**Q** 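Have a look at this one.
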Amino acid sequence: AQTVTQSQPEMSVQEAETVTLSCTYDTSESDYYLFWYKQPPSRQMILVIRQEAYKQQNATENRFSVNFQKAAKSFSLKISDSQLGDAAMYFCAYLTQGGSEKLVFGKGTKLTVNP
Amino acid sequence: EPEVTQTPSHQVTQMGQEVILRCVPISNHLYFYWYRQILGQKVEFLVSFYNNEISEKSEIFDDQFSVERPDGSNFTLKIRSTKLEDSAMYFCASNLRLTTEAFFGQGTRLTVV
């Protein structure tokens with residue numbers, strides 16, 4: 001079974017600075033998808049960014065980018081020019097390409113943005 | 001922008017009572033899910049639903065749980081006899097294809113007292 005590990009329960013960053021959230025996963029599959037979801041205090045889960053495992057190029061979405069290291073099974077999220085609105089819980093999630101339809105989530109990292 | 005809608009936002013129920021959590025997925029989506037998040041813990045998969053039947057369920061999804069798509073728009077989760085440990089945030093999600101990201105609703109906070 002796949003597992004997702006987020007080793008940083010909490011992180012903080014100064015406004016306008018850059019922060020990197022870590023995620024590692026365990027799988028025997030070669031094709032899969034990885035996601036970062038943001039959960040603000042409102043508790044809604046919002047997709048931040050997505051990465052297909054077969055793509056070597058790291059995904060980017062405005063101020064958000066990932067460092068995907070397939071061999072190391074690592075999928076970190078970098079937030080540049082941090083804003084107060086980025087404060088939230090961030091969940092890393094794994095989705096297998098075939099068969100299982102469920103997302104497997106990590107325990108999350110609480111990000112605080114200091115003004 | 002289309003979104004997944006869940007009602008109610010907060011439900012308080014007595015232990016042993018039945019609850020129904022409601023969701024309206026995005027209209028052209030084909031796959032539907034329920035996840036739950038106990039306070040302070042990670043989000044856990046409960047069940048997936050496709051073509052009017054359950055396609056996958058977790059160990060959490062025992063006989064006390066059921067899902068239904070009674071019409072073309074609603075997707076419901078029923079808990080027959082609630083327990084204290086069912087208290088959690090319940091998220092509905094949907095997607096168009098298995099390989100695309102799931103869109104989540106805003107969640108229903110269930111409190112069992």
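In what follows, chains carry the letters A, B, and so on, assigned in the order in which the sequence lines appear, proteins first and then strands, with residues in each chain numbered from 1. Worth saying up front: this structure is predicted, and the values here are computed from it rather than measured.
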**Q** Do B/W34 and B/I54 share a hydrophobic cluster (ILVMFWY, side-chain heavy atoms under 4.5 Å, transitive)?
**A** yes

**Q** Under a 4.5 Å heavy-atom cut-off, does chain B meet the side chain of A/E52, its backbone, both or neither?
**A** neither

**Q** How long is the gap from OH on B/Y33 to NZ on A/K102, to the nearest 0.5 Å?
**A** 12.5 Å

**Q** Using a cut-off of 6.0 Å, state whether more than 12 heavy atoms not belonging to A/L84 lie near its atom CG.
**A** yes

**Q** Counting heavy-atom pairs under 4.5 Å with chain A, which one of B/Q41, B/E44, B/Q6, B/E101 comes out on top?
**A** B/E101

**Q** Could you grab the distance from atom OG1 of B/T108 to atom CZ of A/R43, nearest 0.5 Å is fine?
**A** 11.5 Å

**Q** Kindly check if the number of other-residue, nucleotide or ligand heavy atoms within 6.0 Å of NZ (B/K83) is above 12?
**A** yes

**Q** Which atoms of A/Y37 come close to chain B, meaning under 4.5 Å heavy atom to heavy atom: side chain ones, backbone ones, both, or neither?
**A** side chain

**Q** Take atom CD of A/Q57 as the centre, draw a 6.0 Å sphere, and report whether it contains more than 12 heavy atoms from other residues, nucleotides or ligands.
**A** no

**Q** Which distance, rounded to the nearest 0.5 Å, do you find between the CD of A/Q39 and the CE of B/M89?
**A** 7.0 Å

**Q** A/W36 and A/I79: same hydrophobic cluster, using ILVMFWY side-chain contacts below 4.5 Å?
**A** yes

**Q** Atom NZ of residue position A/K70 - does it have more than 12 heavy atoms of other residues, nucleotides or ligands inside 6.0 Å?
**A** yes

**Q** Just checking B/F45 against A/F105, ring centres under 6.0 Å apart?
**A** no

**Q** Contact part of A/L103 toward chain B, heavy-atom cut-off under 4.5 Å: side chain, backbone, both or neither?
**A** both

